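The shown structure was predicted, so the numbers you read here are calculated from the model rather than taken from an experiment.
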Amino acid sequence: MNLLSYMSESGIDIGEKFIELSIFIVDAGYWNVVGSISAQILKRHPNDDRIQFLFAVYLRRIGMLEDSIKILENINPENPLFGNFKDYISYYKADTLRVMGRYKDALSIFNGISEKYRNNKDNEIYLKSQNQIGDITFLFGKFLDALNILESGYGENNMNTVQFAEMLRIEGHIYRFNFMLEDAIAKYFNSMELARKLNVLGLQGKLYNNLVEAYCWLDANEAIEYGKNQ
């Protein structure tokens, strides 16, 4: 990533790889790496929308939501330097709005992205959006609709991915909120197995928390043990 920080501002191909790598690192739980390096690069390229975007993604992860959304709203979504990653600007804007509790605004953006990529279901941004749509639908209390949305986006080609592991985790929430606790725990364990295989530390951390939340209804000692892993 440090080497990529010297990329030419006109280099779309290497810029795409830089964004792709950075998003992968964020999803894997190492957002501090992206935040640190993007902050350094901004000193050399303060007007580069791509670097501002990555710094905004980092700010979203550390909870600085207002600062993140302000940057994202000022980035030109049609900037050709983003190449095939320009829709991630909208995606992370929606993700930040979701965490801010603006669910309807976020859902509208996620639905737009999902519809755009409906004929390309292997695309990661489609899978990410489907997970978000399913999660928000679940938060609205539409449990069966949420399950259908989550499962409709996945086929054999993407069942060994971070996004599939995230889908299993959200399904675990749905079962847990309906007090189908054993089913919920099974989903969390399936998600954990995949998260460990892919070495996604961020997801593993969330799953330990979810296992505590589930086990606190069944076995306090188990809940405490999983809490020690957070």
Side-chain angles (χ1 to χ4, degrees), residues 1-64 67-69 71-72 74-96 99 109-110 113 116-117 120-132 153-154 157-167 169 191 194-207:
M1 286 190 69
N2 275 313
L3 288 173
L4 286 170
S5 71
Y6 294 95
M7 65 184 178
S8 166
E9 199 159 308
S10 61
I12 295 177
D13 290 342
I14 195 169
E16 283 186 332
K17 290 297 182 184
F18 184 80
I19 295 170
E20 182 180 19
L21 173 62
S22 299
I23 290 173
F24 171 80
I25 291 173
V26 168
D27 287 345
Y30 301 94
W31 47 79
N32 283 337
V33 174
V34 174
S36 174
I37 294 177
S38 59
Q40 293 174 35
I41 301 171
L42 280 174
K43 295 176 182 178
R44 305 188 199 102
H45 306 286
N47 298 317
D48 192 319
D49 281 351
R50 295 167 297 183
I51 311 305
Q52 291 182 25
F53 160 73
L54 293 175
F55 192 67
V57 172
Y58 159 72
L59 292 176
R60 143 72 184 94
R61 287 288 185 165
I62 64 171
M64 298 182 66
D67 293 321
S68 179
I69 201 72
I71 293 172
L72 290 169
N74 286 326
I75 293 173
N76 176 14
E78 298 302 322
N79 187 331
L81 292 177
F82 279 89
N84 292 320
F85 286 85
K86 66 179 183 179
D87 288 318
Y88 276 87
I89 302 169
S90 297
Y91 173 85
Y92 278 102
K93 178 180 177 181
D95 186 40
T96 307
V99 180
I109 298 173
F110 288 135
I113 296 171
K116 180 175 180 179
Y117 289 91
N120 185 13
K121 292 188 175 183
D122 287 337
N123 194 301
E124 184 165 338
I125 196 171
Y126 172 80
L127 299 174
K128 283 174 175 278
S129 296
Q130 284 296 104
N131 279 348
Q132 297 280 23
Y154 289 85
N157 292 336
N158 41 47
M159 292 181 68
N160 194 34
T161 64
V162 175
Q163 297 313 314
F164 186 70
E166 180 65 20
M167 185 210 72
R169 190 179 79 89
S191 181
L194 190 50
R196 285 172 174 166
K197 178 180 178 181
L198 299 171
N199 197 30
V200 184
L201 297 183
L203 181 55
Q204 291 177 49
K206 289 190 286 186
L207 283 162

Could you tell me which non-hydrogen atom of I89 sits nearest to which non-hydrogen atom of P77, and how far apart they are?
CD1-CA, 3.8 Å

Could you grab the distance from atom CD of E20 to atom CD1 of I25, nearest 0.5 Å is fine?
11.0 Å

Any side-chain heavy atom of N32 sitting closer than 4.5 Å to one from I62?
yes

Drop me the distance from I75's CD1 to K86's NZ, to the nearest 0.5 angstrom.
14.5 Å

CA sep, side-chain torsions, deciding dist, call: I113, Y126, side-chain contact (heavy atoms from CB on, under 4.5 Å)
CA-CA 7 Å; I113 296 171; Y126 172 80; over 6 Å; no

Evaluate the side-chain contact (heavy atoms from CB on, under 4.5 Å) criterion for residues Y92 and I71: first the C-alpha distance (whole Å), next the side-chain angles of each, then the deciding distance (0.1 Å), finally the verdict.
CA-CA 11 Å; Y92 278 102; I71 293 172; over 6 Å; no

Which atom names give the shortest non-hydrogen contact between A56 and S68, and what distance separates them?
O-OG, 2.7 Å

So does P46 get a backbone contact from the side chain of Q52, meaning a donor-acceptor N/O pair under 3.5 Å?
yes

Measure the spacing between CD1 of I125 and NZ of K116 and express it to the nearest 0.5 Å.
8.0 Å

Shortest non-hydrogen contact between L194 and F164, atoms and distance:
CD2-CD2, 3.9 Å

Do W31 and V57 touch side chain to side chain, with heavy atoms closer than 4.5 Å?
no

Is the shortest distance from a Lys or Arg side-chain nitrogen in D27 or K128 to a carboxylate oxygen in the other one below 4.0 Å?
yes

Can you confirm whether E16 sits close enough to I19 that some side-chain heavy atom of one is under 4.5 Å from a side-chain heavy atom of the other?
no

Value for NZ (K93) from CG (D87), rounded to nearest 0.5 Å, stands at 13.0 Å

List the steps and the verdict of side-chain contact (heavy atoms from CB on, under 4.5 Å) for D49 and L81.
CA-CA 8 Å; D49 281 351; L81 292 177; over 6 Å; no

Non-hydrogen atoms of L198 and V162 that approach each other most closely:
CD1-N, 3.5 Å

Rounded distance [0.5 Å steps], OG in S38 versus CZ in R50:
13.0 Å

Ring centroids only, cut at 6.0 angstrom: are F82 and F85 within range, meaning strictly under it?
no

Take Y88 and E124, measure what side-chain contact (heavy atoms from CB on, under 4.5 Å) needs, and give me the verdict at the end.
CA-CA 10 Å; Y88 276 87; E124 184 165 338; 3.9 Å; yes

Separation between CD of E166 and CD of Q132, rounded to the nearest 0.5 Å:
7.5 Å

Student check: side-chain heavy atoms of Y58 and I37 closer than 4.5 Å
no

Return the minimal non-hydrogen interatomic distance between S90 and I109, and the atom names on each side.
O-CG2, 3.5 Å

Should I41 and D48 count as side-chain neighbours, where that means a heavy-atom distance under 4.5 Å?
no

Give a yes or no answer on whether the side chain of S191 reaches the backbone of A165 with a donor-acceptor pair at less than 3.5 Å.
yes

